[in-house]
Number of protein chains: 2
Amino acid sequence: MQKKAALETPSIQSLGRGLSILEAVAQSSEPVPLRNLTTLLGIDRSSVFRLANTLKQRGFLAHPNGRKEYVLGPSVWRLSRKYGRSTLVTFCHEHLKRLAAKTGETAHLAVREGTQALFIDHHAATDQVVAVSGRTGDFMPLYCTAHGKALIADLEVAELTALFGDAPLQAHTKRTIVSIDRLAEACALVSAKGFATDDREFLEEVRCVAAPIRDRDGAIVASIGISAPLTRLPKKRCLIAARQASDIARAISASLMP
Amino acid sequence: MQKKAALETPSIQSLGRGLSILEAVAQSSEPVPLRNLTTLLGIDRSSVFRLANTLKQRGFLAHPNGRKEYVLGPSVWRLSRKYGRSTLVTFCHEHLKRLAAKTGETAHLAVREGTQALFIDHHAATDQVVAVSGRTGDFMPLYCTAHGKALIADLEVAELTALFGDAPLQAHTKRTIVSIDRLAEACALVSAKGFATDDREFLEEVRCVAAPIRDRDGAIVASIGISAPLTRLPKKRCLIAARQASDIARAISASLMP
DNA sequence: CAGTATGTTGCGTATTACGCAACATATCTG
DNA sequence: CAGATATGTTGCGTAATACGCAACATACTG
């Protein structure tokens, strides 16, 4: 019985050990032999085998191509497919509402799919006659939208080339960044400042700001931001909104760390 | 100790119960209260609480916005991000090699990312002077490649419209399907036959065939197929290769069912 | 081939997970 | 609103399970 602190509910040891096995196999780039798991848990290998075998029977671990080492199994996949969207939306919706309320503009939550950003939730602007509409379910290019640039903020030239290819990027407006080198500079700026902007790079009449949401490892898992008509988001207000988005992204990031 | 069969290694009961909790929460479209989990496991609620709390402490479950119900937590996300590519590649690589050997053409494994297919592994054609090159890491449109069409085979008009929007699809060749209605017909055909073809719809000189890989629930999780120069893949050989791809896809699908 | 490493199974018992009861908090009903 | 009920959380003793040991099976190495 592992007591972390006197006031905390003790955990179920066997379940914890099973989860440690799962995490170790997930961390490994190679299939993991039982011996490594035995070293990890520090208990007798027969016990480790029974834990790992339970995970395998339930499809959380698998033996690839009849070998003896373990990799993650299809049950993890089924789990993750349910996880991706609805749970993140559940977590972030209150934050989206707060961002929309604070800025008075339409706020969106986006995740990355391939070379595109997918809007998975939004909260519409309140008290505005003219506003950017909700685009939940829509795909946008990563490279010329604030939400997209926030999602790829950590990528450098080689990674951006791998993602988008060698050819120039398609221009959507006169202001669209079309070269990988310029995009890499923009991404580095996003990384440094903690927020991204889109100054008429995708739509002529629209300015956006967005900030990356990071998980415990520092990986960017989503982005949150606002879009507004150009006239309502002058440079100074843009900066204020960017800071607000950035603060809220950080709060969400904190809630993703167990 | 739950003995399914006399010759099978017994599983660790507490770990199994924890996994059952995880699966139940993943299956639910709503946050799950402890009471429902208690009903599911059929044991005392204090024990269920301790199992669920262990999962929560480890980040596999979470309480959204301070509520008492459970949803999947960020550790599941971390697990799944490691799972997606490398494990599927590990499972499928031998099958890819076999498909390339059987057909004599370059074989690819693809997954869906948004509106695109991503090639995540390939095995190059052997004994060919001119062959389609390996495209691992490249994104392709879903709607005009065999691998892509195999990935969206189960989608109907409404889902395809949601995915691609209302506007006509961009033509890559004279033969590209550019209307959602025609694409839906093509997808229905893929679903019925068990394989997809690309007859110069993306590249003028290339024909492809591909088949969907399904998991236990019947969901399409990847596609596997070959690409060859037009001259080497006449209609009759196309059909043979399609059957070969389909057979191998089915074998992979079977290995994804614990 | 013999020795060693690694994976798997059987068995007895030490340890842990369980159930019960009490307490805390939230919700519902008249 | 007060009282009853439902639901979540904690403490404790013990029944049941998970553990370690040993044996067996399989694979690898010199």
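Chain identifiers are assigned alphabetically (A, B, ...) following the order of the sequence lines, protein sequences preceding nucleic acid strands; residue numbering begins at 1 within each chain.
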Student: For A/Arg243, look at atom CZ and say whether over 12 heavy atoms of other residues, nucleotides or ligands are found less than 6.0 Å away.
Tutor: no
Student: Give the rounded distance in Å between these two atoms: CG of A/Leu40 and P of C/dT6.
Tutor: 16 Å
Student: Mind telling me whether B/His63 and B/Tyr70 have parallel, tilted or perpendicular rings, with 30° and 60° as the class edges?
Tutor: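 Rings of B/Tyr70 and B/His63: tilted, 30 to 60°.
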Student: Given D/dA18, C/dA17, D/dT9, which nucleotide is nearest the side-chain atoms of B/Gln13?
Tutor: D/dA18
Student: Regarding A/Thr136 and A/His122, is there a side-chain donor-to-acceptor distance under 3.5 Å anywhere?
Tutor: yes
Student: Please give, in whole Å, the distance from C/dG7 P to A/Asn36 CG?
Tutor: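 Atom CG in A/Asn36 sits about 8 Å away from atom P in C/dG7.
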Student: Could you state the CG-P distance from A/Leu37 to D/dC19, rounded to the nearest angstrom?
Tutor: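 Result: 14 Å.
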Student: Starting at atom CZ of B/Arg35, determine the distance to atom C1' of D/dT9, rounded to an integer number of angstrom.
Tutor: 17 Å
Student: Just wondering, do A/Phe60 and A/Thr54 contact through their side chains at under 4.5 Å, heavy atoms?
Tutor: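 No; the side chains remain at least 4.5 Å from each other.
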Student: Please confirm whether the shortest side-chain N or O distance from A/Ser14 to OP1 or OP2 of C/dA17 is below 4.0 Å.
Tutor: yes
Student: Is the shortest distance from a Lys or Arg side-chain nitrogen in A/Arg214 or A/Asp154 to a carboxylate oxygen in the other one below 4.0 Å?
Tutor: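 Salt bridge between A/Arg214 and A/Asp154, a charged N being under 4.0 Å from a carboxylate O: yes.
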Student: I'd like a list of close polar pairs between nucleotides 28-30 of chain D and the protein, N/O only, cut-off under 3.5 Å.
Tutor:
none

Student: So if I take residues 42-55 of chain A and measure heavy-atom distances to DNA chain D, which residues fall below 4.0 Å?
Tutor: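 Contacting residues: A/Ile43, A/Asp44, A/Arg45, A/Ser46, A/Ser47, A/Arg50.
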Student: Tell me, yes or no, whether the heavy-atom count around A/Glu156 atom CD, taken from other residues, nucleotides or ligands under 6.0 Å, exceeds 12.
Tutor: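 It does not: A/Glu156 CD has 12 such atoms or fewer within range.
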Student: For A/Lys68 and C/dT6, give me the distance from atom NZ to atom P, rounded to whole Å.
Tutor: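 It is 13 Å, rounded to the nearest whole Å.
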Student: Judged by modelled atom types alone, do A/Asp121 and A/His93 share a side-chain donor-acceptor pair under 3.5 Å?
Tutor: yes
Student: Taking five pairs at each end, how big is the angle between the two axes of the helix from C/dC1-D/dG30 to C/dG30-D/dC1, to 10°?
Tutor: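 Rounded value for the end-axis angle: 40°.
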Student: Hey, which of A/Ile248, A/Leu109, A/Ile220 is the one that makes side-chain contact (heavy atoms from CB on, under 4.5 Å) with A/Ile213?
Tutor: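 That would be A/Leu109; it is the only one of A/Ile248, A/Leu109, A/Ile220 passing the side-chain contact (heavy atoms from CB on, under 4.5 Å) with A/Ile213.
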Student: Rounded to whole angstrom units, what separation is found between the CD atom of B/Gln57 and the C1' atom of D/dT10?
Tutor: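 The distance from CD of B/Gln57 to C1' of D/dT10 comes to 13 Å, rounded to the nearest Å.
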Student: Rounded to whole Å, please give me the gap between CD1 in B/Ile21 and C1' in C/dC18.
Tutor: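 Rounding to the nearest Å, CD1 of B/Ile21 and C1' of C/dC18 are 14 Å apart.
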Student: Any salt bridge between B/Arg112 and A/Glu113, counting N to O under 4.0 Å?
Tutor: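 Result for this pair is no, no salt bridge flagged.
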Student: Do the side chains of B/Arg35 and B/Glu69 get close enough for a salt bridge, i.e. N-O under 4.0 angstrom?
Tutor: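 Salt bridge between B/Arg35 and B/Glu69, a charged N being under 4.0 Å from a carboxylate O: no.
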Student: Hydrogens and angles aside, do B/Ser20 and A/Arg58 bring a side-chain donor and acceptor to less than 3.5 Å of each other?
Tutor: yes
Student: Give the rounded distance in Å between these two atoms: CG of B/Leu15 and C1' of C/dT16.
Tutor: 15 Å
Student: Reckon B/Arg17 touches a base, only the sugar-phosphate, or nothing at all at heavy-atom distances under 4.0 Å?
Tutor: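 The answer is sugar-phosphate, as B/Arg17 gets under 4.0 Å only of primed atoms, P, OP1 or OP2.
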